[in-house]
Amino acid sequence: MIRELGPNDIVYLLEAARWTVALAVIAMVAGGVLGLVVAVLRIVSFKPANWIAIGYINIVQGTPLLGQLFIFFFGLPLFGIQVGAWEAAALALSINASAFFGEIWRGSLQSVSPRQWEAGAALGLSYWQRLTSVILPQAVRISIAPTVGYLMQLVKDTSLTALIGFIELTRASQILSAATFKPLQVYGLAAIAYFVICFSLSRLSEQLEKRTHAAR
Amino acid sequence: MPLVEITDIHKSFGKVEVLKNVSLTVEKGEIVAVIGRSGSGKSTLLRCINGLERVQSGRIVVDGMEVTSPATNINALRERVGMVFQSYNLFPHLTVERNVTLALKKVRRMNSEAARDVARAMVAKVGLADKLGAYPDELSGGQQQRVAIARSLAMQPTMMLFDEITSALDPELVGEVLKVLEQLAREGMTMMLVTHEMNFAKNVADRVVFMHQGNVHEDGPARDTLIEPRTPELRSFLSAVLH
Amino acid sequence: MNYNFRFNALLPYTEEIIRGIGVTLQLTCLTMAIALVIGLFVALARMSGNRALRGVARVYVEGIRNTPLLVQLFIVFFGLPSVGIRLDAYLAAIIGLSINVGAYASEILRAGIQSIRPSQIEAGRALGMTAGQTFRSVVLFPAIKAIYPALASQFVLLLLATSVVSSLGVGELFHQAVFIDSRTYRSFEAYTLITVTYLVLTLAVRALFSLVYWLVFVRRPRA
Ligand SMILES: Nc1ncnc2c1ncn2[C@@H]1O[C@H](COP(=O)(O)OP(=O)(O)O)[C@@H](O)[C@H]1O
Ligand SMILES: [Mg+2]
């Protein structure tokens, strides 16, 4: 049953793109919260906590996301947790994101010059006041570009969930391509949709950065 | 009672002995220039006085507070001892005004209005009234350093520590910063300043302390000590900086 | 939980796994080599005086960096045949991966080229070095040292990313998990084993890169 690409097909792709965005947003929020924990474990002066965080980051960043997706998809049911592709995808991406956010934020925090801590101390600010009023605002500024950069990666990574059968933009394109026999046009449209999402993110990052002042 | 009383302090970084049995007193209103070769321990000495570095042994008492005692609230001490660094260390994410008001609001618990009034006065005092809304990256090095001084002065410290605050500046910007220091001197502020500006030390400081290999090697009235050094080490140091 | 994990059910497939590792490493190295060549030309194009050339290079880099590898691979493998270009899976994988990594490599190389300062070249010449010596010790060596860490992480990212071409049916490491799964129905064990294998590979590759860095740049620094 071969047919032409019509407006309905584009609507179908756009509807699937909503799941791409939803997945990225969930991984961003859950991964962000978990990533904060990872960053803190990584910098507190307690060696075992550092080791746990480093091990976690190395395992996540040293294995393919595709493998993580399949492990959650097939593994969780073995532990009595029934999951579909959606849950497995959200979980795997969140864990993936937490490792990357953890590293990005640790790096941002530690790249604020120790002299800024000292300048705060010399004014009589307490440790907590130095952290919240002097260090964190600068660390946030430094982290904008790499954080948004990773968000773009996250949006692109959601495409891999197509391979465990979750119907987002890429899986929808596969289905549509099979139905219409127009793979070049269909995947081209999908690419444009991803481009629009990711490119807007990078623009957003530039805007945010322009509005803040940083050390020279 | 002297404002600063340092007795037999010893400071090492790992195996490196940086301060060996240093003793020193500074009277209220005194201006002490600390000079010496790079690596002789000048910065470390200043940083010990406001507790940025911890000593291994000995006693430091500032304005009646024992810096070296673990019971002392070090943040309260630092409110009274202002410090300005070679690299300005302004907060880059805050305007000039907010650089100055931050500690007033957080530490002194002043309301925004009162803090702003203090900031206005202090920034005007260093000649930058028109730069209140500027960010540090919009200022020259000399202007940044003057803001750093204003930020410290706003806390109304009992004394000020200056660590080579003109060393990072282009030569033509040094004067404007030294002028601020001269004004502070006229107002009677107690100051310890590490400096390589020998003329400034000669003309403005009351006393000169010459650090050599972690010791106070010479300590005396500024003019006499700089014109007629007693030790060969100070003589060779002076001839090296002056030529 | 009453599932019996049986990792030893995978033992008979050792040979497949080793073959998969071979294909994955081959794909990774080949792609990296091609991508570096693409990246160098694109980096030069992006810095050229010709506006059109710069524009084309920029569109390429932005186009690749803002779309997923999987979709790029689908376009090459499933899309191109409709305009008469039919590639087998392995070739499509190499082409798709190279085009993808070429964009990232061009950014790394561009940073490396821009890290070279003309004053260093003058200093080298002033010390009496020949043009060739100057180029090697003042230009090439520091530039490579500067971009080495970024290239090393790009290599590891690529090694992991090659797993995606299993979806085209290329018999690399991840595809062996799909294969073993289909034979043993031990999905969890198969994917876990293969994923851990990737971890071992990336740890080994990282160690190798660190060793090379130490040997070349730390032990006898020339610049
Ligand atoms: N945080 C530190 N860790 C290790 N060594 C230090 C540290 N700070 C200073 N030193 C060493 O202490 C010595 C004195 O340093 P410093 O007080 O900065 O000298 P000065 O200010 O007179 O140049 C130097 O040898 C320096 O290398
Ligand atoms: Mg010093």
Side-chain angles (χ1 to χ4, degrees), chain A residues 32 36 39-40 43-47 50 101 104-149 204-216, chain B residues 43 46-47 49-53 73-96 98-109 133-141 144 147-157 160-163 168:
Chain A
L36 272 181
V40 169
I43 53 177
V44 290
S45 45
F46 180 60
K47 284 273 151 57
N50 304 157
F101 283 142
I104 290 170
W105 295 339
R106 173 198 66 83
S108 307
L109 207 54
Q110 292 186 338
S111 67
V112 178
S113 162
R115 288 170 176 170
Q116 289 288 312
W117 284 98
E118 280 191 349
L123 289 169
L125 293 168
S126 70
Y127 179 87
W128 187 247
Q129 290 168 334
R130 272 175 261 162
L131 181 68
T132 54
S133 302
V134 177
I135 304 300
L136 278 182
Q138 297 183 56
V140 167
R141 157 67 171 70
I142 295 169
S143 71
I144 290 174
T147 300
V148 179
L204 175 74
S205 154
E206 280 166 24
Q207 291 301 315
L208 284 174
E209 277 197 313
K210 258 190 216 138
R211 278 205 260 139
T212 50
H213 286 258
R216 268 207 295 214
Chain B
S43 297
L46 251 59
R47 294 161 59 84
I49 293 173
N50 74 348
L52 283 178
E53 302 288 355
N73 177 355
I74 201 78
N75 292 327
L77 169 93
R78 287 171 182 156
E79 284 180 56
R80 297 198 221 163
V81 181
M83 180 157 187
V84 181
F85 305 86
Q86 179 177 342
S87 47
Y88 339 132
N89 301 356
L90 291 182
F91 305 132
H93 60 298
L94 300 178
T95 60
V96 166
R98 293 189 53 213
N99 258 278
V100 180
T101 56
L102 180 68
L104 294 174
K105 287 195 262 190
K106 299 277 171 190
V107 180
R108 284 287 151 75
R109 307 246 159 252
Y135 281 91
D137 62 5
E138 296 159 356
L139 301 178
S140 74
Q144 289 191 55
V147 174
I149 296 172
R151 181 174 71 174
S152 248
L153 288 178
M155 297 297 282
Q156 295 187 299
M160 292 283 294
L161 305 171
F162 296 100
D163 190 358

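These numbers come from a predicted model, not from an experiment. Each chain gets a letter, A, B and so on, in the order the sequences are listed, and its residues count up from 1.
The minimum heavy-atom distance between B/Leu102 and A/Ser133, with the atom names listed, is CD1-CB, 3.8 Å. For B/Arg78 against A/Ala121, the heavy-atom pair with the smallest separation is CD-O, 2.9 Å. Of all heavy-atom pairs spanning B/Asn75 and A/Arg130, the tightest one is OD1-NH2, 3.8 Å.
Taken from CZ in A/Arg115 to CZ in B/Phe85, the straight-line distance is 9.5 Å, to the nearest 0.5 Å. How far CG of B/Asn89 is from OG of A/Ser113: 6.5 Å, rounded to the nearest 0.5 Å.
Within a 6.0 Å sphere centred on CZ of B/Arg108, other residues, nucleotides and ligands contribute more than 12 heavy atoms. Under a cut-off of 6.0 angstrom, the local environment of CD in B/Gln156 is sparse, with at most 12 non-hydrogen atoms contributed by other residues, nucleotides or ligands.
Both the backbone and the side chain of B/Phe91 come within contact range of chain A, with heavy atoms under 4.5 Å apart. With a 4.5 angstrom heavy-atom cutoff, B/Arg80 does not touch chain A via any of its atoms. Of the atoms belonging to B/Leu90, it is backbone heavy atoms, and not side-chain ones, that fall under 4.5 Å from chain A. Only the side chain of B/Ser87 comes within contact range of chain A, with heavy atoms under 4.5 Å apart. Using a 4.5 Å cut-off between heavy atoms, A/Gln129 touches chain B through its side chain atoms alone. Only the backbone of B/Val81 comes within less than 4.5 Å of a heavy atom of chain A; no side-chain atom from C-beta onward does.
Between the side chain of B/His93 and the backbone N or O of A/Leu136, no donor-acceptor pair lies under 3.5 Å. Looking only at distances, no side-chain donor or acceptor of B/Glu79 sits under 3.5 Å from a matching main-chain atom of A/Ala122.
No other option in B/Met83, B/Met155, B/Arg151 has as many heavy-atom pairs under 4.5 Å with chain A as B/Arg151.
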